[in-house]
Novice: 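Mind looking over this structure? Questions follow.
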Amino acid sequence: MVFELRRDEQKYLAFKQDIEASMTAYALSEEEKRAWRDMDIEALGAMGVHPYFLPQISRLFKGGSRNHNDSDAARLYAEKMGIASQD
């Protein structure tokens with residue numbers, strides 16, 4: 001799901017417009033859907049999402065095309081994973 005949403009603009013736009021329909025299309029379980037709704041990256045990792053895709057999930061919600069550590073996506077990932085900010 002993450003791979004396709006990051007690579008397919010139409011699927012990404014559909015996800016942004018209606019996350020519920022996207023989650024249903026990918027046959028996510030109720031537990032997985034809850035983690036997505038809550039942007040609970042740590043829970044998704046515990047469910048077996050590959051570590052490479054965890055920061056990619058934050059980018060789906062917060063953008064991050066510049067992929068720098070101060071982006072909203074990077075801050076979301078750090079917050080959800082309990083990683084202390086490096087000032």
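The shown structure was predicted, so the numbers you read here are calculated from the model rather than taken from an experiment. Positions are given from 1 along the sequence.
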Novice: Which distance, rounded to the nearest 0.5 Å, do you find between the CD of Gln17 and the OG of Ser22?
Specialist: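 One finds 9.0 Å between CD of Gln17 and OG of Ser22.
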Novice: Return the orientation label for the Phe3 and Phe53 ring planes: parallel under 30°, perpendicular over 60°, tilted otherwise.
Specialist: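 Because their plane-to-plane angle is over 60°, the rings of Phe3 and Phe53 count as perpendicular.
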Novice: Less than 4.5 Å apart, side chain to side chain, heavy atoms only: is that true for Leu13 and Glu9?
Specialist: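 Yes, at least one pair of side-chain atoms sits under 4.5 Å.
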Novice: Where do Trp36 and Leu60 land on the side chain to side chain contact (heavy atoms under 4.5 Å, CB included) test, with the steps shown first?
Specialist: CA-CA 11 Å; Trp36 274 91; Leu60 290 172; 3.8 Å; yes
Novice: Among pairs that include at least one residue of residues 47-58, which meet side chain to side chain donor-acceptor pair (under 3.5 Å), considering only residues two or more places apart or in two chains?
Specialist: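 Sorted pair list: Arg6-Gln56.
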Novice: To the nearest 0.5 Å, what is the distance between CG (Leu5) and CZ (Arg59)?
Specialist: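 It is 14.5 Å, given to the nearest 0.5 Å.
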Novice: What residues form a salt bridge (Lys or Arg N to Asp or Glu O under 4.0 Å) with Lys11, not counting sequence neighbours?
Specialist: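 In terms of salt bridge (Lys or Arg N to Asp or Glu O under 4.0 Å), with neighbours along the sequence ignored, Lys11 is linked to Glu4.
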Novice: For the residue pair Met23 and Glu32, establish whether any side-chain heavy-atom pair is separated by less than 4.5 Å.
Specialist: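 Answer no - side chains too far apart.
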Novice: With sequence neighbours left out, what residues match Arg34 under side chain to side chain donor-acceptor pair (under 3.5 Å)?
Specialist: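 Scan of Arg34 (side chain to side chain donor-acceptor pair (under 3.5 Å), adjacent residues dropped) gives none.
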Novice: Can you pull out every salt bridge (charged side-chain N to carboxylate O under 4.0 Å, His left out) where at least one residue sits in residues 22-31? Sequence neighbours excluded, please.
Specialist: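 Residue pairs passing salt bridge (charged side-chain N to carboxylate O under 4.0 Å, His left out), neighbours aside: Glu30-Lys33.
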Novice: Can you list everything that forms a side chain to side chain contact (heavy atoms under 4.5 Å, CB included) with Glu79? Sequence neighbours excluded, please.
Specialist: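 Scan of Glu79 (side chain to side chain contact (heavy atoms under 4.5 Å, CB included), adjacent residues dropped) gives none.
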Novice: Would a 4.5 Å heavy-atom cut-off, applied to side chains only, mark Phe61 and Ile19 as touching?
Specialist: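 With C-beta onward as the side chain, the pair touches.
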Novice: So do the side chains of Leu54 and Ile57 get within less than 4.5 Å of each other, counting heavy atoms only?
Specialist: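 Contact flag for Leu54/Ile57 side chains = yes.
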Novice: Mind checking what makes side chain to side chain contact (heavy atoms under 4.5 Å, CB included) contact with Asp18, not counting sequence neighbours?
Specialist: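 With sequence neighbours excluded, Asp18 shows a side chain to side chain contact (heavy atoms under 4.5 Å, CB included) to Glu20, Ala21, given in chain and number order.
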